[in-house]
Student: 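Once you've had a glance at the structure underneath, I'll fire off some questions.
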Amino acid sequence: MSQSDDAPSRREFLGLAACAMAGVGVLAAAAPFVMASGPGQMDDTASVVDVDLGDMLPGTQKIVSWQGKPVIIRHRTAEDMASARGDDAAQGLIDRARDADRVRGSVIDGQAAPQWLVLVGVCAHLGCMPGPARDSQNTGGWVCPCHGSRFDSSGRVRSGPAARNMAVPPYRFVTPTRIRIGEEA
Ligand code: FES
């Protein structure tokens, strides 16, 4: 009997299984961050989530759950931001976007605060959650554990099978150290 056209191929099935296993590992690693993110995270399907950023040093990130999806909040270093802006015009960007357009919600008291990057932490390939890249190729970025898509310090995909950048959710600053995910700036 031939396999249905709608059935996932063996390769796709193995990819999804790897994605699920990697997701379990990443979420397990992220659990302390989720638990530490405040009362807004008690309902992980909430349409609006407030997140305290007051304890985040440059170079750190926090992961919270919003509408059932992981959201990565990164406090970028000056190096991360310079790298992201410098790559706005890079050749071969898979899903071209300017860094400044990806931090539109980061406005505190009328001033741009591009050190704050907020991303839906879901890879556009098969939905795994990228983790921080820990090698010299991609400082300040992320790598997907499933099939190796790499994302830069603006969350833009730079290589691998993902065809789109990590999405930026609606969010705004409600105080200089607190964001509300789910509301536009
Ligand atoms: Fe395949 Fe991310 S899910 S590269």
Student: Less than 4.5 Å apart, any side-chain heavy atom of Ile73 and any of Gln61?
Tutor: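 Ile73 vs Gln61: side chains apart.
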Student: Inspect the surroundings of CZ in Arg104 and state if more than 12 heavy atoms from other residues, nucleotides or ligands are less than 6.0 Å away.
Tutor: no
Student: Is Arg74 reaching over with its side chain to a backbone N or O of Gly140, donor-acceptor style, under 3.5 angstrom?
Tutor: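 Yes, the answer is positive, given that a donor and an acceptor are paired below the 3.5 Å cut-off.
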Student: Any non-hydrogen side-chain atom of Met81 less than 4.5 Å from a side-chain atom of Val103?
Tutor: no
Student: Any chance you could measure Ile181, atom CD1, to Ser47, atom OG, to the nearest 0.5 Å?
Tutor: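 It is 12.0 Å, given to the nearest 0.5 Å.
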Student: Does Ala90 offer a backbone N or O that forms a donor-acceptor pair with the side chain of Arg96 under 3.5 Å?
Tutor: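 Checked: pair present.
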Student: Group every Ile, Leu, Val, Met, Phe, Trp and Tyr by side-chain heavy-atom contacts under 4.5 Å, then state whether Leu117 and Val122 land in the same group.
Tutor: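 Same hydrophobic cluster.
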Student: Are Ile179 and Asp50 side-chain neighbours, meaning at least one heavy-atom pair lies under 4.5 Å?
Tutor: no
Student: Can you tell me how far CZ of Arg150 sits from CZ of Arg156, rounded to the nearest 0.5 angstrom?
Tutor: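 Going from CZ on Arg156 over to CZ on Arg150, the span is 15.0 Å.
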Student: May I ask you to check if the distance between the SG atoms of Cys128 and Cys146 is under 2.5 Å?
Tutor: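 In this structure, Cys128 and Cys146 share a disulfide.
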Student: Between Arg102 and Pro114, is there a side-chain heavy-atom distance shorter than 4.5 Å?
Tutor: no
Student: Taking a hydrophobic cluster as the set of Ile, Leu, Val, Met, Phe, Trp and Tyr residues connected by side-chain heavy atoms closer than 4.5 Å, whether directly or through intermediates, do Phe151 and Leu93 fall within one such cluster?
Tutor: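 As far as the 4.5 Å side-chain criterion goes, Leu93 and Phe151 are not connected within one cluster.
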Student: Tell me, with the steps shown, if Arg164 and Asp95 meet salt bridge (charged side-chain N to carboxylate O under 4.0 Å, His left out).
Tutor: CA-CA 5 Å; Arg164 293 191 308 281; Asp95 181 12; 5.8 Å; no
Student: Take Arg180 and Val48, measure what side-chain contact (heavy atoms from CB on, under 4.5 Å) needs, and give me the verdict at the end.
Tutor: CA-CA 7 Å; Arg180 179 164 296 158; Val48 172; 3.3 Å; yes
Student: Using side-chain contact (heavy atoms from CB on, under 4.5 Å), reason through Leu126 and His147 one step at a time and then give a plain yes or no.
Tutor: CA-CA 9 Å; Leu126 290 178; His147 315 96; 3.6 Å; yes
Student: Side-chain heavy atoms under 4.5 angstrom apart, residues restricted to Ile, Leu, Val, Met, Phe, Trp, Tyr: same cluster for Val107 and Val174?
Tutor: no
Student: My understanding is that only one of Asp88, Asp99, Asp87 makes a side-chain hydrogen bond (donor to acceptor under 3.5 Å, both in side chains) with Ser154; could you say which?
Tutor: Asp99
Student: For the residue pair Val118 and Ile72, establish whether any side-chain heavy-atom pair is separated by less than 4.5 Å.
Tutor: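 No - every pair of side-chain heavy atoms lies 4.5 Å or more apart.
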Student: Taking a hydrophobic cluster as the set of Ile, Leu, Val, Met, Phe, Trp and Tyr residues connected by side-chain heavy atoms closer than 4.5 Å, whether directly or through intermediates, do Phe173 and Trp66 fall within one such cluster?
Tutor: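 Yes; Trp66 is reachable from Phe173 via cluster members.
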Student: Any chance you could measure Leu119, atom CG, to Lys69, atom NZ, to the nearest 0.5 Å?
Tutor: 13.5 Å
Student: If Ile, Leu, Val, Met, Phe, Trp and Tyr residues are connected whenever their side-chain heavy atoms lie under 4.5 Å apart, and connections chain through other members, are Trp142 and Met56 in the same group?
Tutor: yes
Student: If you round to the nearest 0.5 Å, how far is CG of Asp152 from CG of Asn165?
Tutor: 7.5 Å
Student: Minimum heavy-atom separation for Arg76 and Pro58, please, with both atom names.
Tutor: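 Residues Arg76 and Pro58, closest heavy atoms: O-CB, 4.5 Å.
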Student: Quick one about Thr77 and Asp80 (side-chain donor to acceptor, distance below 3.5 Å, no hydrogens or angles considered), yes or no?
Tutor: yes
Student: For a 4.5 angstrom cut-off between non-hydrogen side-chain atoms, does Pro130 reach Met166?
Tutor: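 Answer yes - side chains close enough.
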Student: Which of parallel (below 30°), tilted (30 to 60°) and perpendicular (above 60°) describes Trp116 and His75?
Tutor: parallel
Student: Is the shortest side-chain heavy-atom distance between Ser149 and Val143 below 4.5 Å?
Tutor: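 Not touching, per the 4.5 Å side-chain cut-off.
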Student: Any side-chain heavy atom of Asp52 sitting closer than 4.5 Å to one from Thr177?
Tutor: yes
